[in-house]
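Residue numbers start from 1 in every chain, and the chains themselves are labelled A, B, ... in the order their sequence lines are given, proteins ahead of strands. Reckoned from all heavy atoms, side chains included, excluding hydrogens, waters and symmetry mates. Model, not experiment: these values are computed from the prediction.
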2 protein chains.
Amino acid sequence: METEPTSIWLRPARGSRGRAPEHTRDGIATVAVHLADADGLGAVTMRSVAQALGGGSASLYRYVESRDELVALMVDQVNGEIDYTVLDHADWLADLLALGGQSRGVYLRHPWLTDTPAATGDLGPHAVAYLEHALRALRDLDVDGHRKLEAIGVFTAVVRLLARTEIEQRGVELQDRRRQLAAAAHLGHLLQDGAHPHLAAALSAPPVEADEDQTERLLTRVLRGLLER
Amino acid sequence: METEPTSIWLRPARGSRGRAPEHTRDGIATVAVHLADADGLGAVTMRSVAQALGGGSASLYRYVESRDELVALMVDQVNGEIDYTVLDHADWLADLLALGGQSRGVYLRHPWLTDTPAATGDLGPHAVAYLEHALRALRDLDVDGHRKLEAIGVFTAVVRLLARTEIEQRGVELQDRRRQLAAAAHLGHLLQDGAHPHLAAALSAPPVEADEDQTERLLTRVLRGLLER
DNA sequence: GATTAATTGCGATCAGTGTTCGCTATTCTA
DNA sequence: TAGAATAGCGAACACTGATCGCAATTAATC
């Protein structure tokens with residue numbers, strides 16, 4: 001009974017004995033990310049990626065055990081876009097906000113990232129680096145380590161949520177005007193019968209626009225609430 | 001050029017002229033939810049649902065325009081399990097925590113819910129009711145309505161995140177012991193080389209277990225940070 | 001340097017998916 | 001009772017992720 005490594009991050013990128021592989025994990029991820037950037041995550045099929053690489057789809061399984069692993073490669077690759085030199089190590093809040101801004105940028109540049117299952121199981125190397133830098137920003141805080149990890153988890157989830165909202169807004173504005181009207185009609189109808197007075201009140205004022213300022217404001221309050229006092 | 005309603009919540013459940021349908025949306029959702037509870041969201045295929053209903057898969061498209069709409073039906077159905085009588089309207093924080101506990105219960109009873117795309121576009125009736133009740137809990141707070149909606153959005157995302165974590169832990173404990181060991185080995189290897197000192201420090205202490213108390217503690221701090229002062 | 005064993009690329013194929021088409025049967029409206 | 005709208009659905013379509021087995025290539029071993 002042999003214990004074979006299950007995660008792609010534990011498996012060696014290539015065997016040591018046979019013929020040299022024609023691609024690298026990074027090269028494959030790059031091609032897949034380009035496809036997703038252009039036409040969404042649904043455009044990333046084993047066949048389309050293989051074709052973009054100039055090979056057959058069965059060959060991909062020499063690099064990856066499943067499509068999910070391919071997506072994991074993509075996610076870690078774009079996480080590598082984060083530039084940690086923006087952290088000036090002044091105070092922890094500023095550093096985390098800078099990190100959040102970087103992360104938001106990754107989401108906006110790769111909208112399909114929000115369609116990706118939230119990081120589970122084994123983290124890729126760039127995700128680990130992200131954690132490490134976030135924890136470093138909090139190093140002087142007198143808070144239990146696991147509490148810090150909790151806070152970073154919530155932080156990451158909020159960044160994701162706001163980015164998703166921004167992306168949706170962007171998409172609606174650009175094209176699906178009819179759907180926007182339909183949704184408004186839907187809500188209008190719902191609110192007209194008086195069964196949802198608080199919703200009606202909350203929606204009566206013009207909406208707050210989702211942007212970087214909103215992200216910073218919300219992250220500040222969330223992080224203060226979680227880590228201060 | 002006709003404007004046809006796009007969301008399932010705007011479309012009438014049945015036509016008024018022809019033969020009566022054999023099922024209701026709720027009945028279909030019930031069957032689909034049972035399948036997902038038993039074998040995950042992947043077990044919910046148009047064919048499996050149709051077979052459980054005793055019909056052909058093509059018939060399902062008389063009720064639903066796509067599988068995504070079927071999933072939307074499922075999501076709204078389980079949101080209907082929330083019991084709003086637990087809100088005693090004492091203070092807003094207690095009410096929101098009670099709401100969070102209810103929502104957490106829904107997630108734990110229907111683990112597939114975390115695999116579902118976060119609510120986008122048109123909300124179902126039960127999601128609207130949820131919003132209404134959350135806003136009602138905040139009615140005496142002197143905060144802009146859209147800020148309240150933001151806070152509720154973050155609140156919901158945090159509940160979802162923590163429920164997901166709990167579900168994963170539960171799953172790992174019960175079966176995939178080998179994977180647990182592999183992940184530990186992965187992290188251990190990563191931390192041994194000294195490149196991630198802060199991560200190593202944070203993980204040195206025994207982990208905080210994810211449960212209802214953790215959820216309440218985190219939600220309290222997040223909500224206080226977002227809505228107070 | 002020859003042999004062995006591991007490794008890669010991949011055509012062909014499989015089982016399964018969401019979805020559409022065209023038809024029949026039913027049932028409400030006029 | 002005639003007509004129109006709707007429901008059910010068998011059969012098919014275009015795709016998908018994944019597997020199998022073979023030939024080609026290369027490193028390690030004797």
Side-chain angles (χ1 to χ4, degrees), chain A residues 2 4-6 8 10-29 31-32 35-36 39-75 112 115-117, chain B residues 2 4-6 8 10-29 31-32 35-36 39-75 112 115-117:
Chain A
E2 39 189 338
E4 16 178 330
T6 147
I8 193 176
L10 300 174
R11 219 179 311 136
R14 57 157 301 188
S16 56
R17 233 179 278 262
R19 155 181 174 188
E22 294 184 358
H23 310 285
T24 62
R25 287 178 178 174
D26 235 63
I28 293 173
V31 162
L35 286 174
D39 296 308
L41 201 53
V44 177
T45 69
M46 300 308 267
R47 278 175 247 263
S48 69
V49 173
Q51 187 173 4
L53 286 168
S57 71
S59 311
L60 268 184
Y61 288 93
R62 294 284 169 192
Y63 300 85
V64 136
E65 276 190 350
S66 65
R67 181 179 182 273
D68 283 354
E69 275 194 1
L70 173 62
V71 173
L73 244 42
M74 296 169 63
V75 170
W112 49 266
D115 301 329
T116 268
Chain B
E2 39 190 338
E4 16 178 332
T6 147
I8 192 175
L10 300 173
R11 220 179 309 135
R14 55 157 303 187
S16 55
R17 237 180 278 263
R19 155 180 174 187
E22 293 186 357
H23 310 285
T24 63
R25 286 178 178 172
D26 236 63
I28 293 174
V31 161
L35 286 174
D39 296 307
L41 202 53
V44 177
T45 69
M46 299 308 267
R47 280 175 244 264
S48 69
V49 172
Q51 187 172 5
L53 287 168
S57 72
S59 310
L60 268 185
Y61 287 91
R62 294 284 167 187
Y63 299 86
V64 137
E65 275 190 351
S66 68
R67 179 178 183 273
D68 284 353
E69 274 193 1
L70 173 62
V71 174
L73 244 40
M74 297 169 62
V75 170
W112 49 267
D115 301 328
T116 268

Which pair of heavy atoms, one from [X] and one from [Y], lies closest together, and at what distance?
X: M46(A); Y: L60(A); answer: O-CD1, 3.3 Å
X: A52(A); Y: V31(A); answer: CB-CG1, 3.4 Å
X: L41(B); Y: R67(B); answer: O-NH2, 3.1 Å

Q: Verify the contact: side-chain N or O of Y63(B) to OP1 or OP2 of dA7(D), cut-off strictly under 4.0 Å; return yes or no.
A: no

Return the value, rounded to whole Å, for the distance between atom [atom1] of [X] and atom [atom2] of [N].
X: R14(A); N: dT25(D); atom1: CZ; atom2: P; answer: 16 Å
X: D68(B); N: dG18(C); atom1: CG; atom2: C1'; answer: 10 Å
X: E22(A); N: dT25(D); atom1: CD; atom2: C1'; answer: 11 Å

Q) Taking for each residue the nucleotide of DNA chain C with the nearest heavy atom, is it T45(B) or R62(B) whose nucleotide lies nearer the 5' end? A) T45(B)

Q | Contact nearer the 5' end of DNA chain C, comparing V44(B) with R17(B) | A | V44(B)

Q: Can you sort out which residues in residues 46-59 of chain A have a heavy atom within less than 4.0 Å of DNA chain C? Ascending by number, please.
A: R47(A), G55(A), G56(A), A58(A), S59(A)

(Q) Quick check for you: to the nearest 0.5 Å, what is the distance between L73(B) atom CG and T24(B) atom OG1? (A) 9.0 Å

Q.
Counting distance alone, no hydrogens or angles: does the base of dG18(C) have a donor or acceptor under 3.5 Å from a partner atom on the side chain of R67(B)?
A. no

